[in-house]
Amino acid sequence: MMKLAPICLFTYNRLDETQQTINHLKDNHLAEQSELFLFSDGPKNEVAKPKVEAVRSYLKTVTGFKKIHVKESEVNKGLASSIISGVSEVIEAYGRVIVMEDDLLTAPNFLDFMNQGLDIYKNDSEILSMSGYTMDLPSLPGEKDFYFGYRASSWGWATWIDRWQKIDWEVTDYDQFLNDRKRKRSFNRGGSDLSRMLKLQMAGELDSWAIRFCYHQFKHDLKTVYPTRSKLINIGFGEDATHTAGTKRFRTDMDTTNQRDFHFEKFDKMDATLVREFAQKFSIFNRALDKIRQLIS
């Protein structure tokens, strides 16, 4: 029998998005058989308290899962520290984990795809993570259920304890990387923004667990397994979003099929066309185009 991974859902102060995220997750075929860990970060200031408390009141009413654990932080950790500490806590107890944030709407087969992938690649050290999300790439193979990527996604992802515990969150070799142009170019095969984001992280101008996760992936030449049909969409990029209105490059269609059994294969080689199309989503041109759209919106 397949071992189902626990789900970690990280929340803060967005009640409406959190409710939508959990309602969609409850509609997953495997929801009632899955344990759910709900992490609530503490308010940044007095102004944030009412919204955080509203989310926490709602979290205490959630049903529809095998077991529900609500974990409230007394202080504001921020998303990066919340995810690193929360995932570490759960993965040490369960060996694997599915991770979500509070603005992701999942298809009913999201948990099927993630758990089957976690089971298939559990002993494959070349695979760092599973992703439930994919961008809309022109050359996605319709006859396959998956493809491989050089860059992990932070939207609805999963990993295993043996891979998670090896990550150097301090990026202790950054000085060597900083002076190696060849390695920077290689890192940016997953998107031209990667080395810049890592620089901002190390300068204290960005607080991201994801860029450090991606750097670890690059350093050890690991892969992420993506679905060819996205099992989720991000509602944080809708027209009403404060900071991301007008963003189009990450929009995708969610899987509407009834498929529950997926076929995976051991990594052989990267699809050069998909690698190029994936990286283009993060190109300077496309990033600039998004900024123009946001200004217009």
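Every value quoted in this text rests on a predicted model; they were computed, and no experiment measured them. The analysis underlying the following values was restricted to heavy atoms, covering all of them including side chains, and did not include hydrogens, waters or symmetry mates.
Within 6.0 Å of CG on Asn179 lie more than 12 heavy atoms contributed by other residues, nucleotides or ligands. In this structure, Glu32 places its CD atom where only 12 or fewer heavy-atom neighbours from other residues, nucleotides or ligands lie under 6.0 Å away. The environment of Asp253 atom CG is sparse: at most 12 non-hydrogen atoms of other residues, nucleotides or ligands sit within 6.0 angstrom. Crowding of Gln176 atom CD: a count of heavy atoms from other residues, nucleotides or ligands under 6.0 Å exceeding 12.
For Thr11, there are no side-chain hydrogen bond (donor to acceptor under 3.5 Å, both in side chains) partners at least two apart in sequence or on another chain. Taking the side-chain hydrogen bond (donor to acceptor under 3.5 Å, both in side chains) definition, one finds that His29 meets it with nothing, sequence neighbours left out. Listed by chain and number, the residues in a ring pair (Phe, Tyr, Trp, His ring centres under 6.0 Å) with Phe267 are Phe148 (sequence neighbours excluded). Scored by the side chain to side chain contact (heavy atoms under 4.5 Å, CB included) test, Pro141 finds Glu143, Lys144, Thr228, Leu274 as partners (sequence neighbours excluded). Judged as a side-chain hydrogen bond (donor to acceptor under 3.5 Å, both in side chains), and not counting sequence neighbours, the contacts of Lys49 are Glu46. Considering only residues two or more places apart in sequence or on other chains, Gln116 meets the side-chain hydrogen bond (donor to acceptor under 3.5 Å, both in side chains) condition with none of them. Remark: Phe113 pairs with Phe262, Phe264 by the ring pair (Phe, Tyr, Trp, His ring centres under 6.0 Å) rule, at least two apart or across chains. With sequence neighbours excluded, no residue satisfies salt bridge (Lys or Arg N to Asp or Glu O under 4.0 Å) with Lys199.
Using a 4.5 Å heavy-atom threshold, the side chains of Tyr58 and Thr18 count as touching. At a threshold of 4.5 Å between non-hydrogen side-chain atoms, the residues Glu17 and Ile235 count as touching. Residues Tyr133 and Asn234 are not in side-chain contact: their nearest non-hydrogen atoms beyond the backbone lie 4.5 Å or more apart.
One N or O on the side chain of Glu277 and one on the backbone of Ser139 form a donor-acceptor pair closer than 3.5 Å. When atom types are taken as modelled, the side chain of Gln33 and the backbone of Lys66 share no donor-acceptor pair closer than 3.5 angstrom. Within the 3.5 Å criterion, the main-chain N or O of Phe282 finds a donor-acceptor partner in the side chain of Ser192. Put simply, the side chain of Thr252 gets close to the backbone of Thr134: a donor and an acceptor are under 3.5 Å apart. Here the side chain of Glu101 pairs no donor or acceptor atom with the backbone of Leu9 at under 3.5 angstrom.
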Arg196 vs Asp193, test: salt bridge (charged side-chain N to carboxylate O under 4.0 Å, His left out). Steps then yes/no. CA-CA 5 Å; Arg196 179 179 177 274; Asp193 59 328; over 6 Å; no
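Hydrophobic cluster membership of Val47, counting Ile, Leu, Val, Met, Phe, Trp and Tyr whose side-chain heavy atoms lie under 4.5 Å apart directly or via other members: none, as it forms a cluster of its own. Other residues sharing a hydrophobic cluster with Leu194 under the 4.5 Å side-chain heavy-atom criterion for ILVMFWY residues are Val171, Tyr174, Phe177, Leu178, Phe187, Met197, Leu198, Leu200, Met202, Leu206, Ile211, Tyr215, Phe218.
Applying side-chain contact (heavy atoms from CB on, under 4.5 Å) to Val62 and the options Asn23, Ile68, Val70 leaves one that passes, Ile68.
Judged as a ring-ring contact (aromatic ring centres under 6.0 Å, His included), the pairs with a partner in residues 188-211 (not counting sequence neighbours) are, in order, Trp157-Trp209, Trp209-Phe213. Screening residues 74-91 for salt bridge (Lys or Arg N to Asp or Glu O under 4.0 Å), with sequence neighbours left out, gives Lys71-Glu89.
Between Ala107 and Asp255, the shortest heavy-atom distance links the atoms CB-O, 3.5 Å.
The pair Glu72-Lys60 meets the salt-bridge criterion, since a charged nitrogen lies less than 4.0 angstrom from a carboxylate oxygen.
No donor-acceptor contact under 3.5 angstrom links the side chains of Asp102 and Thr21, judged on distance only. Side chain to side chain, Asn28 and Asn109 fail the donor-acceptor criterion of an N or O pair below 3.5 Å.
Cluster annotation: Tyr226 is connected to Leu104 through the hydrophobic network of ILVMFWY side chains, with a link wherever side-chain heavy atoms come within less than 4.5 Å.
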